[in-house]
Amino acid sequence: IKGERCISVRLGILRRRLKRYMRYLKNVFYRLRQYMSIQNNQPAIPEVLKTRLWTAASMIACVMAVGIFMEYQLGDGFLKLSCLCSICLGIRFFDLLLIIYDRKYEVVEGEVVRIRICGIQKKHWEITVRNQQGEEKTVFISEQSNIRKGRHYRIYFKKEAILGIEEQGI
């Protein structure tokens with residue numbers, strides 16, 4: 001009886017491990033299928049978000065290049081500082097990459113019907129965008145985004161963070 005119990009316990013452990021491994025493989029295949037659909041359908045990633053990714057990647061390269069140059073010229077630990085900055089920028093880059101490739105962002109498309117200045121310093125605007133169905137969505141943006149009332153825009157955002165703004169030629 002002891003031997004049978006030991007075998008059944010081992011079978012239970014193996015069954016749980018197999019289930020866990022199958023869930024992991026299912027997740028991997030789902031991500032692979034999602035990645036392949038993006039590769040086969042390049043327009044699925046908006047040009048504004050591609051530009052934002054390229055900008056983040058070039059910032060990492062520029063910070064490292066300046067750090068290497070300054071370390072070569074002065075040698076006062078600039079390379080350590082630039083490596084630290086590049087790591088932080090890299091973390092932000094991969095966070096942005098995951099948001100874009102997993103499509104974890106929202107899109108609001110329509111005409112800007114109202115712009116309201118928020119805050120004491122007037123650096124943020126609360127805009128109301130009306131889509132073609134007549135539904136309205138309120139979004140907070142920076143005043144530097146150059147939004148005009150009456151024009152059509154497509155706004156990409158995740159929660160409160162704006163990822164990109166495209167003006168539509170409607």
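What's counted below: heavy atoms across the whole structure, side chains too, no hydrogens, waters or symmetry copies.
- For E109 (side chain) and R154 (main-chain N/O), no donor-acceptor pair under 3.5 Å exists by modelled atom type.
- For R114, the salt bridge (Lys or Arg N to Asp or Glu O under 4.0 Å) partners are E126, not counting sequence neighbours.
- Salt-bridge annotation for R151 and E167: present, with a side-chain N of the basic residue lying under 4.0 Å from a carboxylate O of the acidic one.
- Hydrophobic clustering keeps V108 apart from V113 (ILVMFWY residues linked when any side-chain heavy atoms are closer than 4.5 Å, directly or through intermediates).
- Here salt bridge (charged side-chain N to carboxylate O under 4.0 Å, His left out) pairs that include residues 89-101, with residues two or more places apart or in two chains, are R92-D95.
- Under the 4.5 Å side-chain heavy-atom criterion for Ile, Leu, Val, Met, Phe, Trp and Tyr, I100 and F94 are members of the same hydrophobic cluster.
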Task: Full working for side chain to side chain contact (heavy atoms under 4.5 Å, CB included) between I99 and L49 - done: CA-CA 10 Å; I99 289 170; L49 300 181; over 6 Å; no
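- Partners of E111 according to the salt bridge (Lys or Arg N to Asp or Glu O under 4.0 Å) rule, which considers only residues two or more places apart in sequence or in another chain, do not exist here.
- Taking the side chain to side chain donor-acceptor pair (under 3.5 Å) definition, one finds that Y153 meets it with nothing, sequence neighbours left out.
- The backbone N or O of F157 sits nowhere less than 3.5 Å from a side-chain atom of E106 that would complete a donor-acceptor pair.
- Residues passing the ring-ring contact (aromatic ring centres under 6.0 Å, His included) test with Y105, sequence neighbours excluded: Y156.
- In the hydrophobic clustering of this structure, L81 does not group with M70; members are Ile, Leu, Val, Met, Phe, Trp, Tyr whose side-chain heavy atoms approach within less than 4.5 Å, directly or through other members.
- Under the side chain to side chain contact (heavy atoms under 4.5 Å, CB included) criterion, L89 pairs with M59, I60, V63, sequence neighbours left out.
- In the hydrophobic cluster analysis, where Ile, Leu, Val, Met, Phe, Trp and Tyr join through side-chain heavy atoms closer than 4.5 angstrom, L163 is grouped together with L97.
- A distance of 14.5 Å separates NZ of K80 from SG of C85, quoted to the nearest 0.5 Å.
- Residues F140 and V129 fall into different hydrophobic clusters, defined by Ile, Leu, Val, Met, Phe, Trp and Tyr side chains chained together at heavy-atom separations under 4.5 Å.
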